[in-house]
Peer 1: 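Before we start, here is the structure in question, set down as structure tokens.
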Amino acid sequence: MTEKKYWKWKEIETHTSINDLPPVPLSLPNYGSLGETGDWRTFRPEIDKSKCNKCYICWMYCPEAVIEIDKDGYPNIDYVYCKGCMICAHECPKKAIEQVREKKEPEGE
Amino acid sequence: MVKLKELIKDPVAGEEYFLKGNSSCAGCGGELAFRWIMKALGKRTIVVAPASCFNVTIGLYPRAGPAIPYLNMAFAAGAATCSGIVAGLAARKKLDPSMEDITVLCFAGDGGTIDIGIQGLSGAAERGTDFIYICYDNEAYMNTGTQRSGGTPFGAWTTTTPTGKKEHKKNVPMIMAAHGIPYVATACAGYPLDLYQKVLKAKKIKGTKYIHVLAPCAPGWRFPTEQAIEVGRKAVQTGMWILYEIEDGKMTLSGPSKNLLDKKNRKPIEEYIKLQGRFRNISPEDVKVLQKWVDRQWEDLKIRLACQS
Amino acid sequence: MTELRSELKESVRIISGNAACAWAARYARVQVISAYPITPQTTIVEKLSDFVENGELDAEYIRVESEHSVMACLIGASYNGVRTYSATSGQGLAYMHEMLHWAAGARLPIVMGIVDRGMAPPWNIWADHQDVLAARDTGWMIFFASNHQEIFDTTIQMYKICENPNVFLPAFVCLGGFIMSHTQQPVHMPDQSLVDEFLPEVPKNGWPHFFLDPDRPITHGNLQNPGGPNIDPSCWYYEYRYLIQKAHENAKQVIIDVAKEYQKKFGIFHGDLIEKYKCDDAEVALVSIGSLADQAKIAVDNMREEGYKVGAIKLRCYKPFPTEQFQELAKKIRVFPVMERSMAFGLIGGIVSIDLKAILYQHPKHPFVLPVIAGVGGRDVRVEDQIEVLKTAVEMAETNEFKTELIVSGLHE
């Protein structure tokens, strides 16, 4: 859940010449190994904290692990990487997650 | 039963080992399964991934989604590579005792397990290689664009069975059970905690452990991404997919499948197949054939369960 | 371990070629062996299982269910930075072909004995190089031994070459099915302590270029894009393939150095990439591999007695190809007859002769390569057959008339 250990998209060091290459390609753990996948979304899930009972079912079912629990115990969605599958909204027993159509380019970092 | 509140704070299960922003499709059942498998296994795990979606979902060089050592491998070679890694670790331990307690996991798709990989898997199981083999079964070759596999159910559309598959799904968990390995289980991405607990159990057992996970695939099965969990649940509730464990030969039904031995507790398979575009053109006769096959699976289980008690 | 160290003293053993492979693996202290039976290789892995089960060799021994798994297993083991060995033949080598590419692409220093045999159908289990030469572009280094002593010495040398940081490639050490694998010759084996001094210690933390370590999570082998004219971080596939080529080029000097070092330490020299026999004043030199190369020396001696200026070249290392050595020889030698137990169907010659042409014919004033197929499927190649080929080559050199049709020696008409 912590961000500290892994590289983020664009942070990873890349080679600039064949002379820098190690004998075999090594890939390092990276948030955004394919980029900022938040821009895949057609719909964005939005959590209404007033309805949320902190059951964490959304956290459990999120395939992408973009739902993180904040210090107050509420789930928060990382829109940089959320692909908008809407499983969380579909599975929320309190119907606390709303499906909102993306209007413009999703916000990056 | 584990509590989500506790898992979130758990030093192992609270971590993520397959990092966000990877290239799996939105709502991927396999990705959810892998997330929970890794929460059970933790960071001292080496993963071998024979050709499958999981050679692509991990992202592009020099970046990678997995936060654990992860080895892409040739299609048929998953299990044998694990045998080699386990032997290599045993040799290394003689020089470096810190190499203790590493779990070796083979994470393969249905093609890599049921079809091209079954020889290597069977060999590794017969050798008793101390590793966990997990098949995430999305019931077709999804990485190459939904071609029929030995795991595709009867009647399902794929790009190589345009009028629906004419044969039934191969029962690999039972084939693995016939190897006499200490642990065989089935699970479903729609029930992540059940999967999590089975992997936790497998981790503690020495020898070959096999877990077969049904992993709903939105693009391949043709359903909206948000329904991935629901489709998985329906697979179990209709009895199309049966959750069980076989520990040292003794079988027990698990989770919702416990109550489904009696046919009247099972929902009709229509409730499962109507959710999916891949069954759109299945004829009513073929639905009956499929229902009969499902009932037959349960009858077989009934006999097995009766015999062992 | 220390017990083993003191146990193996310098000795001469009269053993089969296959036993020489197994003994060499034992002396190299391989740590993981995977095995699948195939004639004529089987007695190698049988002997190794004896060593392991008697407690004479401290290795993990995995009995797998196919050759594809043999190589997958060694790849898995080698990723942990341990020394590995296996052996195979013919169909088995073909069956593991996919994994051969994988081992080389992953730059794993795996050494494997190949007891070469004919490819089916029809079944054939005797000396023939079609199996191993079909794997020529997998990225593996390919060595041919021509006698039992050379099998033993080359196998030990290969670990030093393969594990060199400038190389990091896998290698075959080939011997002819039955003609070498099942015949007995004396093999001189040095004191184990000398082999321990000669071979580098396996690094405690895995190979320096990678390591399967939970504390350093690395993903190996994920997808790379083709890329275009601009540098893109995800597009280095082409470059990594080129690095395999570079490693082959680097290996040439390493092979020469290791052969020299071995000679200094053990007093035995089998040539480096090639071995020249009476080539200094020769106009014609017979190129051959494996057991044919040793026999060629007799043919050359017989011809020399009759006054012919001929020599013989043993192609000890086929990959990396000894391009520079042949280009140097080409300055004096006018005809290179190449006798080999393989066919490059649809082309004129065996596989090695095609390659030799490729590196020599780039120069406008090149010598002539005379391709000769011989001994396919283990058919006996006699000294007289080699003399006949040498005489044909000498005649060509004298008359300047070069025939271009394929010569098939020893074929029933």
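A, B, ... follow the sequence lines: proteins, then strands. Residue 1 opens every chain.
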Peer 1: Could you pull out every donor-acceptor pair under 3.5 Å between chain B and chain C?
Peer 2:
unit_1	atom_1	unit_2	atom_2	d
B/G59	O	C/N222	ND2	3.2
B/Y61	N	C/L223	O	3.1
B/Y61	OH	C/Y240	OH	2.7
B/R63	O	C/N222	ND2	2.9
B/Y70	N	C/I218	O	3.0
B/Y70	O	C/H220	N	2.8
B/N72	N	C/H220	O	3.1
B/N72	ND2	C/H220	O	2.8
B/G84	O	C/A77	N	3.4
B/I85	O	C/N80	ND2	3.3
B/R92	NH1	C/N80	O	2.6
B/K94	NZ	C/D58	OD1	2.9
B/K94	NZ	C/E60	OE2	3.3
B/Q119	NE2	C/S66	OG	3.0
B/R127	NH1	C/E65	OE1	2.9

Peer 1: For B/M73, is it the side chain, the backbone, both or neither that has a heavy atom under 4.5 Å from a heavy atom of chain C?
Peer 2: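 When you check distances to chain C, atoms from both the backbone and side chain of B/M73 fall under 4.5 Å.
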
Peer 1: Would you mind checking which part of B/A67 comes under 4.5 Å of any heavy atom in chain C, side chain (CB onward), backbone (N, CA, C, O), both or neither?
Peer 2: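 Contact with chain C involves the backbone of B/A67 alone.
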
Peer 1: What I'd like to find out is whether the side chain of C/P214 reaches to under 4.5 Å of the side chain of B/I102, using heavy atoms alone.
Peer 2: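 They are in side-chain contact.
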
Peer 1: At a heavy-atom separation under 4.5 Å, does C/L212 approach chain B through its side chain, its backbone, both, or neither?
Peer 2: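 For C/L212, backbone and side chain are both near chain B.
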
Peer 1: Considering all heavy atoms of both residues, which atom of B/A87 and which atom of C/I62 are nearest to each other, and what is their separation?
Peer 2: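 Scanning both residues, the minimum pair turns out to be CB-CD1, 3.3 Å.
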
Peer 1: What part of C/V32 lies closer than 4.5 angstrom to a heavy atom of chain B: side chain, backbone, both or neither?
Peer 2: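 Answer is side chain: those atoms of C/V32 sit under 4.5 Å from chain B.
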
Peer 1: Under 4.5 Å heavy-atom distance to chain C, tell me which part of B/L71 shows up: side chain, backbone, both or neither.
Peer 2: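 It is both, since atoms from each part get that close.
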
Peer 1: If you count heavy-atom pairs under 4.5 Å with chain C, which of B/A80, B/G120, B/G59 comes out on top?
Peer 2: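 When all of B/A80, B/G120, B/G59 are compared, B/A80 has the most.
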
Peer 1: Between B/L89 and chain C, with a heavy-atom cut-off of 4.5 Å, which part of the residue counts as in contact: side chain, backbone, both or neither?
Peer 2: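 It is both, since atoms from each part get that close.
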
Peer 1: With a 4.5 angstrom heavy-atom cut-off, could you sort out which part of C/M99 is near chain B: side chain, backbone, both or neither?
Peer 2: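 Only the side chain of C/M99 comes within 4.5 Å of chain B.
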
